[in-house]
Amino acid sequence: MSTPATVAGRRGLRAGTLIATGVPALLLSIAVATTIGPASLSVGDVLSVVGTRLGFGTTEVSRIGQGIVWDLRLPRILLAAVCGAGLSVCGAVLQSLLRNPLADPFLLGISAGASTGAVAVVVLGAGSGAVGLTTGAFAGALVAFGLVVALATVAGGGTARVVLAGVAGTQLFSAITSYVVITSADAEQTRGVLFWLLGSLSRGRWPDVALTAAVCAAVLVVCLARAGELDAFAFGVDAASTLGVSVRTLRTVLLTLTALLTAVLVAAAGAIGFVGLVLPHAARLLVGPGHRLVLPVTALLGALLLVWVDTLARTVAAPLEVPVGVVTALVGVPAFAVLLARGRWSS
Amino acid sequence: MSLRAREVSWTAAGTVVVDRVSMHVEPGSTLGVLGPNGSGKSTLLRLLAGLRRPSAGAVYLDGRELAGLGRRTVARRVAVVEQQVGTEVDLTVAEVVALGRTPHRGTWGGMRAADESAVDDALARTGLTHLARRRWHSLSGGERQRAQIARALAQEPAELLLDEPTNHLDIAHQLDLLGLVRRLPVTSVIALHDLNLAATFCDTVLVLSGGRAVAAGPTGDVLTEELIRQVYDVRCELVRNGPGERPHIRFLPR
């Protein structure tokens, strides 16, 4: 007879296998993706450039080749991995906290606010050049989140109010963005803004990678420490409270942290949709609902997906680039449909 | 002394839902909270669980004020089974029961041996061991209610609060469930609609009407034809021929 322990055990084993194969797969993907592009390079070249930069030996790769690997492709690909991981983790946490399977990192007005901030900088020249697009987007995201939280609090708090306030905030900031773009932007600016709104990793440089990776790692650690309490929300807020969770404190801390992470990610790469909404569900279909397993697995899936999707986005219509958010949906939706159908048959 | 409430009130949007109710329950006994719809039974249970803060008065657990204890401390002592709970999450029965270990687990800790054995024990006590791997969504109403009780037992509580746990269950399941609760070595407070179930299973009862406590004491003493007429506005015949001279109530057409 199988005891309940073996059920959790089997899922744990499965997650263990996924992580044990997923981490090498991710590293290999990053290396392979770095070789793909107009200038042809081998995995050996990539490893030798990385080795040299980290202080191990010298490389025979040309200066230009070194520049392409280290300054152009690698930071962009690493940013893709971090964005994928971060957005997925935010989505998983928000879906549990707000008890809403449709919750995603942009639900609380963050992407809309970031867009408004970025547009204000690019189109209106707010801050007169001293403020970059990234800073503008970050500031816009935090302002929007603050407004959404204030509105939710005024409306009496509670899960449903937070979601409604988020929807209202998103609509408001989208409208402001549209208004500014329609009335003030020229065609060139409109195209640039639109591209950024749909998500693009093309501006990824090492400082972006360092910042996003640090914030992402910190948020992941905090969320993992709270994994058991996130599980306790399964039967609602009151049930979580009777299981010993300080609901108000936990919700405040985790909403703020996920908002901060999302703001950092959106500022670096625009609003990349689909990942944060769908990958947590994919992770749950694979390893069950426990957050101790869901969080690392969804982070890994998100990183893998976005590395390859971004590679596709910059090569499929080369030299044109397709916004990465467009590709996440085009590739991700069929993949998710297959997973959904399989999950249903196997249960 | 187990759970005690002193003059607790709770007001929502200007309406007094619970009005200066005092109560206590003897350790190891079963207290039934009775009263018509809207009399404040569920709200009183929520105040006792610390889910709502009384607008006046206080709830005490072993003489210490509940509001001053952390949620985790309370959850290790008091478990709650709500009326009807649902979830979007695809959980197995074992995973639902394991949620009861939440207040006992450390920040990073997975399930330890003590957690596993508490879950196994809770499943065995509620007769759910063979369903441990079944999905929550595939369970019947009675099985779900039992799984929630198993989850509460996995908390290893000294006090168990149940809000109309027999709603939507057929008569056999009602008897099984209350028999199970009564056999448990815990102090129970159960909000109930069915007066005959209360008469059969509760040591003492507290009767609420319009948010106020109108009677309290041993079940056989409190339940009378006169009280039932006053509180529920129905006529009945009450005979004391149940097991241990417990009252049995036959309602008369209005």
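Letters A, B, ... are given to chains in the order of the sequence lines, protein chains preceding strands, and every chain is numbered from 1.
Looking at heavy atoms from C-beta onward, A:F235 lies out of side-chain contact with B:R151 at the 4.5 angstrom threshold. For the pair A:S241/B:L51, a side-chain contact is recorded, criterion being any heavy-atom separation below 4.5 Å from C-beta on. Within the 4.5 Å cutoff, the side chain of A:R284 has no heavy atoms near those of the B:D90 side chain. Taking the side chain as every heavy atom from C-beta outward, B:R46 and A:D238 approach each other to under 4.5 Å.
Between the A:T242 side chain and the B:A79 main chain, no donor and acceptor come within less than 3.5 Å of each other. The closest donor-acceptor contact from the side chain of B:R72 to the backbone of A:G244 lies at 3.5 Å or more, if one exists at all.
Contact tally against chain A (heavy-atom pairs below 4.5 Å) for B:L99, B:V85, B:D115: the top residue is B:L99.
For B:R134, no part sits under 4.5 Å from any heavy atom of chain A, backbone or side chain. Residue A:A239 touches chain B through both its backbone and its side chain, counting heavy-atom pairs closer than 4.5 Å. With a threshold of 4.5 angstrom between heavy atoms, B:V93 does not approach chain A through any atom at all.
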From CA spacing to verdict: side chain to side chain contact (heavy atoms under 4.5 Å, CB included), A:N100, B:E88: CA-CA 8 Å; A:N100 190 333; B:E88 291 278 322; over 6 Å; no
Trace of the side chain to side chain contact (heavy atoms under 4.5 Å, CB included) decision for A:V245 with B:R71: CA-CA 6 Å; A:V245 179; B:R71 284 309 313 168; over 6 Å; no
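No salt bridge links A:D231 with B:R101; every basic N to acidic carboxylate O contact stays at or beyond 4.0 Å.
Contact between B:P103 and A:L243 at its shortest, heavy atoms only, is CD-O, 3.2 Å.
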